[in-house]
Amino acid sequence: MTSPWEYAPAPESRELADLKQHYLMFVDGEFVDGGGQTIKTVNPATEETLAEVASADTGDVDRAVAAARRAYDQVWSKLPGKERAKHMFRIARLIQERSRELAVLETLDNGKPIKESRDVDVPTAAAHFFHHAGWADKLDHAGFGPNPKPLGVAGQVIPWNFPLLMLAWKIAPALACGNTVVLKPAETTPLSALVFADICRQAGLPAGVVNIVPGAGDVGAALVAHSDVDKVAFTGSTEVGKQIQRTVAGTGKKLTLELGGKAANIVFDDAPLDQTVEGIITGIFFNQGHVCCAGSRLLVQESVAEELLEKLRARVSTLRVGDPLDKNTDVGAINSAEQLSRITELTAGGETEGARRWSSPCELPERGFFFAPTVFSEVQQSMRIAREEIFGPVLSVLTFRTPDEAIAKANNTPYGLSAGIWTEKGSRILWAAQKLRAGVVWANTFNRFDPTAPFGGYRESGFGREGGRAGLEAYLDV
C-alpha cells in the first residue's frame with residue numbers, strides 16, 4: 001500500500017545550522033585544539049564530510065579534569081543553589097533561542113528527521129535544564145537527607161543516537177547538584193555538544209564547570225579511568241558498560257549505566273488496534289529504531305495477530321523514508337555505515353533462521369545510509385532477531401495465547417530497560433506492569449519521556465536512574 005497523498009518537498013534550510021568547517025574542543029571555558037587525530041564528521045544522509053573536529057588525547061583529558069576540579073573547588077561547589085539555578089535557566093533559554101540552529105545541526109550530523117530534532121530532542125533538552133534548575137536550591141527537600149553534598153567531578157560518556165538530549169540528561173542534574181563535568185560526545189555526532197559549549201560560554205557559566213572532549217573510545221576510556229573523576233555516567237552498549245564497570249570497581253567512583261535493551265511491546269486482544277498500530281510505529285521506527293528502549297519485540301495475542309499485522313504493514317507502507325531535512329520525512333538515515341552493516345547482517349540472519357520478512361516498498365535514496373522499515377513475523381524466541389539489540393528500524397513479531405505466556409516471553413531476555421502494554425483493562429495494565437522486569441513500563445503509549453520522571457533499567461540494561469527526583473541521587477553524596 002502506498003500513501004494516497006503526494007507531498008511536495010519541504011526542506012528545512014541547512015544554513016540555519018551555521019555549520020563551521022572546523023570545531024575545537026572546549027576546556028576551561030575556551031575552545032582549544034586537541035592532541036588527538038582530527039575527526040571528520042559525516043552527514044549520514046549524503047555521506048559528505050560536514051566538518052573537521054579536534055580530538056582529545058590523554059593529556060587533554062588530564063587538562064579537562066584538572067579544569068573541572070579547579071572550577072569545583074573554587075567556584076561551583078561554593079555557589080548557593082539559587083545562583084547555580086540562574087546559570088541553568090540561562091542555558092535552558094538559550095537552547096530555546098537557538099533551537100532551529102540546534103535542530104538542523106543535529107539532523108545533519110545524526111541523520112534523524114528534522115521534525116524529531118525540532119519537536120522532541122531540542123525541546124526536551126531545554127526542559128531538562130529548566131526542570132533541574134528548579135531543583136538546584138531545593139536539594140535539602142529532595143528526600144536524601146539534610147544538606148546533601150555534590151560528588152565532585154563527573155566524567156560522562158554519551159552515545160550517538162540522541163547527542164544533545166543525552167547531554168542534557170547528564171549535564172543538567174550534575175550541575176544542579178553542584179558537580180562539574182567533563183563530557184565525551186560520540187565520535188560520529190560531536191557537533192551539537194560543541195555548540196552547547198558555546199551556549200555555556202554565552203550563558204556566562206564559570207570556566208571549567210563544563211568541558212567537552214571529543215574523541216573515539218580511547219578518550220572515553222581515559223576519562224572513565226581518570227583518578228580525579230568522582231562520578232562516571234555512561235549511556236551506550238552493554239559490552240562497553242561491562243568494561244566500564246570493571247574499570248571503576250574498587251575505585252570508590254559512583255557509577256550509573258544506561259545500556260542496551262530489547263523491549264517487549266505487548267498487545268492484548270482487547271486493545272484498540274488502530275491506536276495500537278500508531279504506538280507500535282512510534283515504539284520501533286522513531287529515530288530509525290536507534291533507541292535503547294525501542295519496542296523491538298512485538299508480542300501479540302494470537303486471536304488478533306493476523307488483523308494487527310495487516311494494519312501494521314499497511315501503516316508502515318505509508319512512512320516516508322528519505323532526506324532527514326525534509327519536514328515530511330518519517331524515517332531518516334542510519335547513523336553510520338558500520339551501524340547499517342550490523343542491521344543488514346542481523347536481518348539477513350532472521351531470514352536464514354526462518355522468520356518471515358516484510359519490508360516497506362518505499363524507494364530508498366541512492367546515496368546515504370538508509371534501510372527500509374522491516375517487520376518480521378513467525379519469529380521464535382531462539383532467533384537472534386528476538387534476542388539481540390538490532391538498533392535499527394526492524395520489528396520482530398511473536399505471538400502468545402495467555403497473559404501469563406506474554407509475561408514469560410517478555411521477561412525472557414537479559415535486558416530490562418522498558419516495556420509496553422496495550423489493553424483497555426486498567427486492572428490488566430497494573431497486573432502486567434508489576435510482573436514485567438523493566439525499568440519503564442508504558443501503558444497504551446510508547447516512548448513518552450518527561451524530565452520529571454526517572455528512567456533506567458535492570459540487569460544488562462544497566463543501573464541507576466536519570467531524570468526526576470530519583471535521578472538526583474546519582475550526583476549526590478548520600
Side-chain angles (χ1 to χ4, degrees), residues 161 237-239 242 259-268 276-277 279-281 283-313 316 331 334 338-360 371-422 432 435-438 446 457-461:
N161 56 336
S237 73
T238 296
E239 180 184 355
K242 290 178 179 179
L259 309 175
K262 194 67 178 176
N265 208 359
I266 304 172
V267 181
F268 290 100
T276 300
V277 164
I280 293 166
I281 296 288
I284 186 58
F285 299 121
F286 174 73
N287 197 32
Q288 297 74 253
H290 297 334
V291 185
C292 298
C293 56
S296 55
R297 285 186 301 146
L298 183 65
L299 304 181
V300 188
Q301 199 148 13
E302 277 188 4
S303 58
V304 295
E306 187 174 340
E307 182 183 0
L308 180 72
L309 271 171
E310 184 179 345
K311 288 177 177 287
L312 180 61
R313 289 173 183 142
V316 173
V331 180
I334 303 303
E338 180 183 7
Q339 185 60 27
L340 179 59
S341 176
R342 172 169 172 78
I343 296 167
T344 303
E345 176 206 347
L346 283 169
T347 50
E351 288 184 280
T352 300
E353 289 185 298
R356 181 185 173 194
R357 176 177 180 169
W358 177 90
S359 293
S360 170
F371 194 89
T374 295
V375 178
F376 278 100
S377 56
E378 301 175 22
V379 176
Q380 303 300 318
Q381 294 268 88
S382 59
M383 295 178 180
R384 287 183 70 194
I385 56 171
R387 294 184 291 108
E388 297 185 26
E389 184 178 38
I390 299 174
F391 221 60
V394 180
L395 179 65
S396 297
V397 183
L398 302 90
T399 60
F400 65 90
R401 292 182 179 178
T402 67
D404 285 334
E405 182 186 357
I407 299 300
K409 285 186 172 181
N411 288 337
N412 185 17
T413 173
Y415 298 108
L417 190 55
S418 62
I421 305 165
W422 297 86
K435 291 182 174 295
L436 288 167
R437 294 200 295 270
F446 210 94
Y458 298 100
R459 301 193 292 173
E460 292 198 8
S461 289

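When a residue number appears, it is its place in the shown sequence, counting from 1. Note that these values count all heavy atoms, side chains included, but never hydrogens, waters or copies made by symmetry.
Side chain of Glu405 to main chain of Arg401: a donor-acceptor pair is present (N/O by atom type, distance under 3.5 Å, no hydrogens or angles). Using modelled atom types, no side-chain atom of Gln381 and backbone atom of Asn412 make a donor-acceptor pair closer than 3.5 Å. No side-chain donor-acceptor contact under 3.5 Å links Ser396 to the backbone of Val394. At distances below 3.5 Å, not a single donor-acceptor pair connects side-chain atoms of Asn411 with backbone N or O atoms of Leu436. No donor-acceptor pair closer than 3.5 Å links the side chain of Ser418 to the backbone N or O of Ala263. Side-chain atoms of His290 do not come within 3.5 Å of backbone N or O of Asn161 as any donor-acceptor pair.
Atom CD in Glu460 sits 6.0 Å away from atom OH in Tyr415 (nearest 0.5 Å). Put simply, CG on Leu340 and CD on Gln288 are 11.5 Å apart, with the number rounded to the nearest 0.5 Å. In this structure, CZ in Arg459 is found 13.0 Å from CG in Leu259, a value given to the nearest 0.5 Å. With values rounded to the nearest 0.5 angstrom, Arg356 atom CZ is found 5.0 Å from Ser377 atom OG. The distance from the CZ atom of Phe285 to the CG atom of Leu395 is 5.5 Å, given to the nearest 0.5 Å. With rounding to the nearest 0.5 Å, the separation of CD in Gln301 from CH2 in Trp422 is 16.0 Å.
Contact between Gly289 and Ala294 at its shortest, heavy atoms only, is O-CB, 4.4 Å. Residues Trp358 and Val316 share a closest heavy-atom pair of CZ3-CG1, 3.6 Å. In plain terms, the two heavy atoms of Leu346 and Arg384 that are nearest each other are CD2-NH2, 3.2 Å. The shortest non-hydrogen separation linking Pro393 to Phe371 is CG-O, 3.9 Å. Summarising the geometry of Lys262 relative to Ser296, their closest heavy-atom pair is CD-OG, 3.4 Å, with the distance given to 0.1 Å. Scanning all heavy atoms of the two residues, the minimum distance from Asn265 to Gly420 falls at OD1-CA, 3.4 Å.
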*side-chain contact (heavy atoms from CB on, under 4.5 Å) evaluation trace for Leu299 with Thr399*: CA-CA 5 Å; Leu299 304 181; Thr399 60; over 6 Å; no
*Walk me through it: do Val300 and Leu398 pass the test side-chain contact (heavy atoms from CB on, under 4.5 Å)?*
CA-CA 6 Å; Val300 188; Leu398 302 90; over 6 Å; no
*Going through the distances and angles, do Leu308 and Ile280 end up as a side-chain contact (heavy atoms from CB on, under 4.5 Å)?*
CA-CA 10 Å; Leu308 180 72; Ile280 293 166; 4.0 Å; yes
*Under the side-chain contact (heavy atoms from CB on, under 4.5 Å) criterion, do Arg297 and Thr413 qualify, and how do the steps go?*
CA-CA 11 Å; Arg297 285 186 301 146; Thr413 173; 3.5 Å; yes
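Within a 6.0 Å radius of CD in Glu306, no more than 12 heavy atoms belonging to other residues, nucleotides or ligands are found.
Side-chain contact between Ile266 and Phe400 is present, with at least one heavy-atom pair separated by less than 4.5 Å. Val267 has its side chain out of reach of Ile421: every pair of non-hydrogen atoms, C-beta onward, lies at least 4.5 Å apart. In this structure the side chain of Ile284 never reaches within 4.5 angstrom of the side chain of Phe446, judged on heavy atoms. Put simply, the side chain of Glu351 reaches to within 4.5 Å of the side chain of Phe376, judged on heavy atoms. At least one side-chain heavy atom of Lys311 sits under 4.5 Å from a side-chain heavy atom of Glu307.
Side chains of Arg342 and Thr344: no donor on one and acceptor on the other come within 3.5 Å.
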